[in-house]
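Lettering follows sequence order; numbering is per chain, from 1.
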2 protein chains.
Amino acid sequence: MSTLNPDAPEPLYEQLATILRERIRTGEIPPRRALPSNRRLTLDYGVARGTALHAVAILVEEGWAYSVPGRGVFSVADNDRPDRR
Amino acid sequence: MSTLNPDAPEPLYEQLATILRERIRTGEIPPRRALPSNRRLTLDYGVARGTALHAVAILVEEGWAYSVPGRGVFSVADNDRPDRR
DNA sequence: TGAAATTTGTGCGTATGTATT
DNA sequence: GAATACATACGCACAAATTTC
């Protein structure tokens, strides 16, 4: 499992966004499947809530995922993937 | 809307504190009403989080506002306003 | 019915590091 | 060195929506 490097020049939220983006892009997280919850991300990657929120917000803004309050954050449908444009 | 001047001798947090103080004093922000959130202030005035926090902290210290954990920062009740003393 | 747990979103407070003046 | 300002990151609290029991 990829881990984060606090000493790297890239911010933790960017590193985490990159990891999650790859997990979606490669299909490890299939289309329309829930991403790990915010809580899980903090536990799995050892970051604060805000940091995990920031990472996911980047994916949402980039079009890799969408969030549903009370439910979770989901990877977009195959046809909606940004790298298909 | 008042804006901030990075070239002025007064620090940005002081300029912002002055603006918010006026907005309370004039009643534009009524008593016991929530001030703009930290996030809103950063967006509206183009400053960093810390700068907006600093400005609001000044108002709290002066007695123009009080903060409620998990909720926000609110203008004081009419009777508690510093200019009434 | 409804209470509890989960999840996302938002809010403030604080600390640290970097750059600038 | 001190003050200002930005970015990053941690922590904790409150709210609303949803799911589960």
Side-chain angles (χ1 to χ4, degrees), chain A residues 2-21 23-24 29-30 32-76, chain B residues 2-21 23-24 29-76 80:
Chain A
S2 306
T3 56
L4 305 182
N5 177 13
D7 301 320
E10 306 88 40
L12 295 180
Y13 66 80
E14 254 186 42
Q15 295 180 45
L16 182 51
T18 299
I19 290 175
L20 295 175
R21 194 187 301 108
R23 290 177 65 179
I24 295 174
I29 298 176
R32 312 204 77 95
R33 181 86 102 249
L35 273 62
S37 73
N38 183 275
R39 176 163 147 49
R40 271 252 60 83
L41 291 177
T42 66
L43 297 175
D44 291 348
Y45 293 96
V47 294
R49 261 202 84 192
T51 304
L53 280 168
H54 195 164
V56 170
I58 289 176
L59 298 193
V60 170
E61 182 164 11
E62 289 177 347
W64 289 100
Y66 61 97
S67 86
V68 182
R71 300 244 299 141
V73 178
F74 303 84
S75 52
V76 296
Chain B
S2 306
T3 57
L4 307 182
N5 177 12
D7 301 321
E10 307 88 40
L12 295 180
Y13 66 80
E14 255 186 42
Q15 295 180 45
L16 181 51
T18 299
I19 291 175
L20 295 175
R21 194 186 303 107
R23 290 177 64 180
I24 295 174
I29 298 176
R32 311 203 80 96
R33 182 86 102 250
L35 272 61
S37 72
N38 183 272
R39 174 172 158 66
R40 271 252 59 84
L41 292 177
T42 66
L43 296 175
D44 291 348
Y45 294 97
V47 294
R49 248 200 96 194
T51 304
L53 281 167
H54 195 164
V56 172
I58 289 176
L59 297 194
V60 171
E61 182 163 9
E62 288 177 346
W64 289 100
Y66 62 96
S67 87
V68 181
R71 302 256 302 146
V73 178
F74 301 82
S75 52
V76 297
D80 295 336

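- dC10(D) atom C1' lies 16 Å from atom CG of L41(A), rounded to whole Å.
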Can you build the contact string for nucleotides 16-21 of chain C? Use B for base contact, S for sugar-phosphate-only contact, and - for no protein heavy atom under 4.0 Å. ------

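- For I19(A) against S2(A), the heavy-atom pair with the smallest separation is CD1-CB, 3.6 Å.
- Note: E61(A) CD to L59(A) CG = 10.5 Å, rounded to the nearest 0.5 Å.
- Summarising the geometry, atom CG belonging to L53(B) is positioned 11.5 Å from atom CD1 belonging to I58(B); distances are rounded to the nearest 0.5 Å.
- Contact detail for A52(A) and N38(A): the closest heavy-atom pair is CB-ND2, 3.8 Å.
- In this structure, Y45(A) atom OH and dT8(D) atom P are separated by 20 Å, rounded to whole Å.
- Here dT8(D) presents its C1' atom at 12 Å from CD of Q15(A), a figure rounded to the nearest Å.
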Under 3.5 Å between N/O atoms: give me all the protein pairs with nucleotides 12-14 of chain C, atom names plus distance.
residue : atom : partner : partner atom : Å
dC12(C) : OP2  : N38(B)  : N            : 2.7
dG13(C) : OP1  : S67(B)  : OG           : 3.2
dG13(C) : N7   : R49(B)  : NH2          : 3.1
dG13(C) : O6   : R49(B)  : NH1          : 3.1

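- Atom pair N5(A):CG and dT8(D):P shows a separation of 16 Å (rounding to whole Å applied).
- Residue P11(B) is the one, among P11(B) and T51(A), whose nearest nucleotide of DNA chain D lies closer to the 5' end (criterion: closest heavy atom).
- Atom CD in E14(B) sits roughly 7 Å away from atom P in dT4(D) (whole-Å rounding).
- Separating the CD1 atom of I58(A) from the P atom of dG9(C) is a distance of 14 Å, rounded to the nearest angstrom.
- Residues Y45(B) and R23(B) approach most closely at OH-NH1, 3.1 Å, considering heavy atoms.
- From R49(B), atom CZ reaches atom CG of L41(B) across 11.0 Å, with rounding to the nearest 0.5 Å.
- For the pair S75(A) and I24(A), the tightest heavy-atom approach, listed with the atom from each and the gap, is CB-CG2, 4.1 Å.
- Scanning all heavy atoms of the two residues, the minimum distance from V73(A) to A65(A) falls at CG1-CB, 3.8 Å.
- The phosphate of dA5(D) has neither OP1 nor OP2 within less than 4.0 Å of any side-chain N or O from Y13(B).
- As rounded to whole Å, 12 Å separates atom P of dA9(D) from atom CG of D7(A).
- In this structure, OG1 in T18(A) is found 10.0 Å from CG in L4(A), a value given to the nearest 0.5 Å.
- The nearest whole Å value for the distance from the CG atom in L43(B) to the C1' atom in dG11(C) is 14 Å.
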